[in-house]
Amino acid sequence: MKNIFSTLFIIIGIWQFFVTINYFKTLKKSGGKSTSAFSPMAIWFSFILAITFIILGLSSLFNWL
């Protein structure tokens, strides 16, 4: 069961990383004056969340916790 959750966390982290990159590219291409001022903060938080999920998944998978 632990391996399933670890793998799930790693998959969610990778998915979050790709979604963050996609949002950054979209924002870079079509961002303007109407873009929220909180968008850069959302990108950084999403990136940190992706890294956290991947680290938690790997540490749980290899019993580093």
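Under the side-chain contact (heavy atoms from CB on, under 4.5 Å) criterion, Ser30 pairs with Thr26, not counting sequence neighbours.
A distance of 12.0 Å separates CG of Leu8 from CG of Leu61, quoted to the nearest 0.5 Å.
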Distance-only criterion, 3.5 Å: show the donor-acceptor pairs between side-chain atoms of residues 44-56 and protein atoms not counting sequence neighbours.
| from | atom 1 | to | atom 2 | distance (Å) |
| --- | --- | --- | --- | --- |
| Ser46 | OG | Gln16 | NE2 | 2.5 |
| Ser46 | OG | Thr20 | OG1 | 2.4 |
| Thr52 | OG1 | Ile48 | O | 2.7 |

Name the atoms and distances for all side-chain donor-acceptor pairs under 3.5 Å in residues 32-42, with sequence neighbours left out.
| from | atom 1 | to | atom 2 | distance (Å) |
| --- | --- | --- | --- | --- |
| Thr35 | OG1 | Gly32 | N | 2.8 |
| Thr35 | OG1 | Gly32 | O | 3.2 |
| Ser36 | OG | Phe38 | N | 3.1 |
| Ser39 | OG | Tyr23 | OH | 3.1 |
| Ser39 | OG | Ser36 | O | 3.3 |

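Taking the side chain as every heavy atom from C-beta outward, Lys2 and Asn63 approach each other to under 4.5 Å.
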